[in-house]
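First comes the structure, then the notes that go with it.
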Amino acid sequence: MSMIAAFYGGKSILITGATGFLGKVLMEKLFRTSPDLKVIYVLVRPKQGQTLQQRVFQILDSKLFEKVKEVCPNVHEKIRAISADLNQNDFAISKEDMQELLSHTNIVFHCAATVRFDDHLRHAVQLNVTATQQLLLMASQMPKLEAFIHISTAFSNCNLKHIDEVVYPCPVEPKKIIDSMEWLDDAIIDEITPKLIGDRPNTYTYTKALGEVVVQQEGGNLNIAIIRPSIVGATWQEPFPGWVDNLNGPSGLIIAAGKGFLRSIRATPMAVADLIPADTVVNLTLAVGWYTAVHRPKSTLVYHCTSGNLNPCNWGKMGLQVLATFEKIPFERAFRRPNADFTTNNITTHYWNAVSHRAPAIIYDFYLRLTGRKPRMTKLMNRLLRTLSMVEYFINRSWEWSTYNTEMLMSALSPEDQRVFNFDVRQLNWLEYIENYVLGVKKYLLKEDMAGIPEAKQHLKRLRNIHYLFNTALFLIAWRLLIARSQVARNVWFFIM
Ligand SMILES: CCCCCCCCCCCCCCCCCCCCCCCC(=O)SCCNC(=O)CCNC(=O)[C@H](O)C(C)(C)COP(=O)(O)OP(=O)(O)OC[C@H]1O[C@@H](n2cnc3c(N)ncnc32)[C@H](O)[C@@H]1OP(=O)(O)O
Ligand SMILES: NC(=O)C1=CN([C@@H]2O[C@H](COP(=O)(O)OP(=O)(O)OC[C@H]3O[C@@H](n4cnc5c(N)ncnc54)[C@H](OP(=O)(O)O)[C@@H]3O)[C@@H](O)[C@H]2O)C=CC1
């Protein structure tokens, strides 16, 4: 019997960010392995004309939860959606709901965050720092609370090369930042943002670092742990391989490459691609929840959930495997044949951006205009180039994350728990994982049918023929112009003929 699964039985669990990528996988695993848990409270904001209930039921009725339905048929009764907006005071939770949360919650998993790299500092501070502070305050009023698990990111200290499982201090105290956001206007915040974030690349990593300091400073007597995942990718094994539902991290770029938009990317092939599957993060999170509640470590432990030091893979290997998978499992209606490459310096990056990204987009938009349609490719390409510029920082460097706590936890688990809550990335076969990831992107993000693969292959053949024809025509035109202007070229031509 799994001790961890048994631990969550009968518990009331509060999850923030349950509608997000990681939150959904966390809920799924909890329901599947501990169907006898009492209730999962999820803090949800109403969105796009959907009620809370509709939002949550849509998740429960998705493919991700198919296995849950078998072991926990009354899953709909075990989830309680609480209307909450983490941007508001007291999260805008009603008095009755607050009372219920405070008096029943046993475990808190704090996953909600803004993960946008370019979010305005005010908004990023509100969600990643102030909301964390408020949640801690709430947690301190929960008499039955056994553990508070905070999800951070391995990149919160990406300004360092070697990162230990400790909370690093920030030059300016989070409390001062929170206070200043209340009275500074947007223009001043914009001005001071680069100075505040210092040598971090964006407001996301900066505010996640501030969030950790808040957890450490304001955790009081709570039993707290911090988990730092690196780049969270599609699921490895559970509930099935390759599940992914948003464009963050590599997923959006895999689509862009598979559809033939992304032709070149500024990346260092030998840099470590520190991806970690979503189910691995969730297994570690649940194990940490159990360990923190049962063993009550004296200090706040930080756990790195990374792959680089145990089972490294680099961007070169990953890129090649992504491209190899497109050969077997192409995406439908590609714009061009997938054929991306890495560039390593500014000049070649600018060159390929102009030749392989902007020029084809302009030509295609011209064709759309000619045929009476609305041009859209240049806009899409600009968006892609913007995304590339945001991720460049992360794919041209390597970091070393120590994993003492994570390894300690692994050895503290029973063999059964090591199996059911496996977070040992040494067992991960990267080639297989990447192939499943690309397949998952096709199935769950693009919602493409496998039956369409022969047609997709045909389409790629047509694109290849168009490519050859286009190049031949270009060559002939250039040659014709050369012959017209150069005696040497004319002589060569007559010699060949
Ligand atoms: C040798 C052979 C080589 C071959 C190469 C083959 C290539 C293979 C591909 C594999 C490459 C791998 C690259 C990996 C990149 C990894 C990056 C990792 C960074 C990790 C750091 C930290 C990890 C974390 O802790 S946080 C989680 C990560 N967070 C994110 O990823 C958020 C990133 N997103 C943003 O910050 C924004 O969305 C931004 C700035 C990218 C775009 O903002 P903008 O305001 O312009 O757009 P949005 O309003 O957000 O969206 C508009 C529109 O675009 C769609 N979209 C959003 N994100 C992406 C995306 N990443 N890619 C593509 N499209 C995206 C979005 O859905 C919207 O579409 P609509 O149709 O308008 O709704
Ligand atoms: N994805 C990754 O690569 C990595 C993620 N992480 C961390 O993991 C955690 C989860 O990330 P991930 O699942 O990928 O992120 P998502 O963007 O998929 O999910 C974010 C979640 O936060 C919720 N949220 C955002 N704003 C509010 C708000 N104002 N009120 C209530 N809820 C809100 C979202 O709700 P809604 O659905 O309503 O928008 C959503 O449920 C984050 O803490 C992130 O920093 C760490 C490392 C890597």
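Atoms within a ligand are numbered from 1 in the order they appear, just like the ligands themselves.
- Proximity to Thr153 (heavy-atom distance under 4.0 Å) selects the following atoms of ligand 2: 46 (C), 47 (C).
- Of the charged side-chain nitrogens involved, none lies within less than 4.0 Å of a carboxylate oxygen, so that Lys259 and Glu332 do not count as a salt-bridged pair.
- Looking only at atom types and distance, the side chain of Asp365 has a donor-acceptor partner in the side chain of Thr378 under 3.5 Å away.
- What sits closest to atom 13 (O) of ligand 2 on the protein, heavy atoms only, is Leu22 N, 2.9 Å.
- Here is the list of ligand 2 atoms found below 4.0 Å of a heavy atom in Asn87: 29 (N).
- Under the 30°/60° scheme for interplanar angles, the aromatic rings of Phe57 and His76 are found to stand perpendicular.
- Contact annotation for Asn246 and ligand 2: only side-chain heavy atoms (C-beta onward) come within less than 4.0 Å of the ligand.
- Counting heavy atoms under 4.0 Å from ligand 2, residue Ser230 touches it through the backbone alone.
- Using a 4.0 Å cut-off between heavy atoms, Arg55 contacts ligand 2 through its side chain alone, with no backbone atom that close.
- Closest heavy-atom approach to atom 42 (C) of ligand 2 within the set Ala131, Cys111, Ala278: this belongs to Cys111.
- Salt-bridge check for Glu100 with Arg80: passed, with a basic side-chain N closer than 4.0 Å to an acidic carboxylate O.
- In this model, no donor atom of one side chain and acceptor atom of the other lie less than 3.5 Å apart for Asn87 and Arg45.
- Nearest non-hydrogen protein atom to atom 3 (O) of ligand 2 is Val232 N, 3.0 Å.
- Heavy atoms of Lys208 found under 4.0 angstrom from ligand 2 belong exclusively to the side chain.
- Between Tyr364 and Phe335, the angle of the ring planes goes over 60°, which puts this pair in the perpendicular group of the 30/60° scheme.
- In this structure, Lys328 pairs ionically with Glu435, as a charged nitrogen and a carboxylate oxygen lie closer than 4.0 Å.
- An N or O contact shorter than 3.5 Å is missing between Val115 and ligand 2 by distance.
- Looking at ligand 2, you won't find any N or O of Leu127 less than 3.5 Å from one of its N or O atoms.
- Looking at Gly17, Ala113, Pro250, Gly233 and measuring to atom 20 (C) of ligand 2, the nearest heavy atom belongs to Ala113.
- Side-chain atoms of Ser140 come within 3.5 Å of backbone atoms of Leu137 as a donor-acceptor pair (strictly under, hydrogens ignored).
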N/O to N/O under 3.5 Å, ligand 1 against protein:
| unit_1 | atom_1 | unit_2 | atom_2 | d |
| --- | --- | --- | --- | --- |
| ligand 1 | 25 (O) | Thr153 | OG1 | 3.0 |
| ligand 1 | 25 (O) | Tyr204 | OH | 2.7 |
| ligand 1 | 29 (N) | Val115 | O | 3.2 |
| ligand 1 | 31 (O) | Gly249 | N | 2.9 |
| ligand 1 | 36 (O) | Phe117 | N | 2.9 |
| ligand 1 | 43 (O) | Arg116 | NH2 | 3.0 |
| ligand 1 | 45 (O) | Arg116 | NH2 | 2.7 |
| ligand 1 | 46 (O) | Arg386 | NE | 3.1 |
| ligand 1 | 49 (O) | Arg116 | NH1 | 3.4 |
| ligand 1 | 50 (O) | Arg116 | NH1 | 2.8 |
| ligand 1 | 61 (N) | Leu247 | O | 3.2 |
| ligand 1 | 72 (O) | Arg383 | NH1 | 3.3 |

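- In this model, a donor atom of one side chain and an acceptor atom of the other lie less than 3.5 Å apart for Ser156 and Glu212.
- Around atom 44 (C) of ligand 2, the closest heavy atom drawn from Tyr204, Phe109, Phe21 belongs to Tyr204.
- The shortest N or O to N or O distance between Leu86 and ligand 2 is under 3.5 Å.
- Taking the ring centre of Phe421 as origin, the terminal cationic atom of Lys29 falls inside the region bounded by 6.0 Å and 45° from the ring axis.
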So Phe109 and Leu286, side-chain contact (heavy atoms from CB on, under 4.5 Å) or not? Walk me through it.
CA-CA 9 Å; Phe109 292 108; Leu286 292 174; 3.8 Å; yes

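- Close N/O approach between Gly20 and ligand 2 is found [any backbone or side-chain N/O within under 3.5 Å].
- Using 4.0 Å as the threshold, Pro229 has a heavy atom nearer than that to some atom of ligand 2.
- In this structure, His357 contributes its side chain and Arg263 its backbone to a donor-acceptor pair below 3.5 Å.
- Side chain of Arg397 to main chain of Ala271: no donor-acceptor pair is present (N/O by atom type, distance under 3.5 Å, no hydrogens or angles).
- The cationic atom of Lys63 (NZ for Lys, CZ for Arg) lies less than 6.0 Å from the six-membered ring centre of Phe240 and within 45° of the ring axis.
- Looking at residues two or more places apart in sequence or on another chain, you find a ring-ring contact (aromatic ring centres under 6.0 Å, His included) between Tyr433 and Trp430, Tyr437.
- Nearest-residue assignment for atom 33 (C) of ligand 2 (options Gln48, Arg45, Lys47, Arg228; heavy-atom criterion): Arg45.
- At a heavy-atom cutoff of 4.0 Å, ligand 2 is contacted by both the backbone and the side chain of Thr19.
- Residue contacts with ligand 2, taken as heavy atom pairs separated by less than 4.0 Å, do not involve Phe155 at all.
- Ring planes of Trp399 and Phe155: perpendicular class, angle over 60° (limits at 30 and 60°).
- Proximity of Ser152 to ligand 2, defined as any heavy-atom pair under 4.0 Å, is confined to the backbone N, CA, C and O atoms.
- Comparing Asp245, Ile151, Thr16, Ile227 by heavy-atom distance to atom 8 (O) of ligand 2, the nearest is Ile151.
- The residue His110 has no part lying near ligand 2, judged by heavy-atom distances below 4.0 Å.
- Nearest-residue assignment for atom 29 (N) of ligand 2 (options Val42, Asn128, Asp85, Val25; heavy-atom criterion): Asp85.
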Could you go through the salt bridge (charged side-chain N to carboxylate O under 4.0 Å, His left out) check for Glu28 and Lys24 one step at a time?
CA-CA 6 Å; Glu28 194 278 339; Lys24 286 179 204 163; over 6 Å; no

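- Counting heavy atoms under 4.0 Å from ligand 2, residue Leu43 does not touch it at all.
- A donor-acceptor contact closer than 3.5 angstrom is absent between the side chains of His304 and Asn309.
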